[in-house]
Amino acid sequence: DAEITQSPRHKITETGRQVTLACHQTWNHNNMFWYRQDLGHGLRLIHYSYGVQDTNKGEVSDGYSVSRSNTEDLPLTLESAASSQTSVYFCASSESRYTEAFFGQGTRLTVV
Amino acid sequence: GDSVTQMEGPVTLSEEAFLTINCTHTATGYPSLFWYVQYPGEGLQLLLKATKADDKGSNKGFEATYRKETTSFHLEKGSVQVSDSAVYFCALSVNTNAGKSTFGDGTTLTVKP
């Protein structure tokens, strides 16, 4: 069965370090998204991609970057981790606006 | 920009009670509307969807009808179970953004035996 997987599931890092969260999907979807989930804010879009070599900023993109070198993967990089980036991060993919997004299990990141 | 407003929680119900979680949006045009459910420690998964006005999405006893005139997509279930305890998110996707969704803040439902 097709799926979307995130790794690691849990990560603790220190302020100022660079961190990369992995996202891999086998749905062959062109659209991929990164969200963060914080209490009281629901899901907020960080970055998204509509295909290989395409990346776009979402509403909370400062301090984050993504790259899309193939259809399956969209890694999220925190350039210099800050305590404000402690959150649960979700990756998702979708086929089109008419179809649902498929979510990974999430990565809980703690910046100390 | 587009926004989704859903009923604030948390919501606590007894088993077999009727559930309504309100959801309204401000998107223009013809958005697709979704309800997602998130169980503890898991990612979001689709519960139901509707892609045009007057469509009714349904799944696992949950229903929601796409009302264009009131820009609403309220979630309902006639008789909730303890296993329905979860966080519910209303979301929309508009035709200008190829699948980029806007989410409500989520409503936490707890069902007590």
Side-chain angles (χ1 to χ4, degrees), chain A residues 1-7 9-10 21 23-25 27-51 54-61 66 74 87-108, chain B residues 1-10 21 23 25 27-53 55 57 59 62 64 66 73 86-108:
Chain A
D1 287 347
E3 60 181 1
I4 179 166
T5 55
Q6 295 182 232
S7 61
R9 292 293 310 277
H10 301 272
L21 309 183
C23 175
H24 179 81
Q25 54 101 359
W27 292 100
N28 200 34
H29 288 159
N30 284 325
N31 304 332
M32 294 186 73
F33 312 89
W34 273 104
Y35 296 90
R36 60 178 288 173
Q37 184 178 30
D38 304 288
L39 199 62
H41 291 280
L43 274 78
R44 292 183 290 177
L45 184 64
I46 304 171
H47 281 286
Y48 58 102
S49 169
Y50 290 152
D54 176 77
T55 60
N56 306 278
K57 293 181 178 180
E59 60 181 306
V60 291
S61 61
V66 294
L74 187 70
S87 185
V88 180
Y89 291 85
F90 287 100
C91 180
S93 71
S94 72
E95 183 176 0
S96 77
R97 77 168 186 97
Y98 296 105
T99 60
E100 68 270 29
F102 292 85
F103 283 80
Q105 295 284 76
T107 295
R108 182 175 295 277
Chain B
D2 302 326
S3 67
V4 175
T5 301
Q6 63 180 99
M7 187 170 95
E8 290 187 17
I21 301 178
C23 172
H25 68 86
T28 56
Y30 302 96
S32 297
L33 300 173
F34 307 86
W35 276 101
Y36 290 86
V37 60
Q38 183 182 30
Y39 298 104
E42 298 184 8
L44 281 70
Q45 56 185 276
L46 179 73
L47 181 58
L48 52 83
K49 68 179 181 182
T51 57
K52 61 182 187 295
D55 266 2
N59 186 27
F62 291 89
Y66 186 147
F73 194 53
V87 182
Y88 293 82
F89 291 90
C90 185
L92 65 84
S93 177
V94 297
N95 58 4
T96 56
N97 62 19
K100 180 162 68 78
S101 296
T102 301
F103 289 83
D105 286 345
T107 301
T108 300

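Hydrogens, waters and symmetry mates are skipped; everything else that's a heavy atom, side chains included, is used.
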Would one find more than 12 heavy atoms of other residues, nucleotides or ligands at under 6.0 Å from atom CZ of Arg108(A)?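 Atom CZ in Arg108(A) is not crowded, with 12 or fewer foreign heavy atoms closer than 6.0 Å.
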Glu8(B) atom CD, neighbour heavy-atom count above 12 within 6.0 Å: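 Not more than 12 within 6.0 Å, no.
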Top contributor to chain A interface from Gln38(B), Gln45(B), Gln6(B) [non-hydrogen pairs under 4.5 Å]: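 Option with the greatest count: Gln38(B).
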Measure from the side-chain N and O atoms of Tyr36(B) to the backbone N and O of Ala101(A), and report whether any donor-acceptor pair falls under 3.5 Å.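 Between the backbone of Ala101(A) and the side chain of Tyr36(B) there is a qualifying donor-acceptor contact (under 3.5 Å).
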Per-residue contact mode, Leu44(B) against chain A (heavy atom under 4.5 angstrom):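 Looking at Leu44(B), backbone and side chain both touch chain A.
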Report which part of Arg9(A) has an atom under 4.5 Å of a heavy atom belonging to chain B: side chain, backbone, both, or neither.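 Looking at Arg9(A), just its side chain touches chain B.
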Would you call Gln37(A) and Phe103(B) a side-chain contact if the rule is heavy atoms closer than 4.5 Å?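 They are not in side-chain contact.
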Got a second to check how far Glu100(A)'s CD is from Ser101(B)'s OG, nearest 0.5 Å?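 OG of Ser101(B) is found 10.0 Å from CD of Glu100(A).
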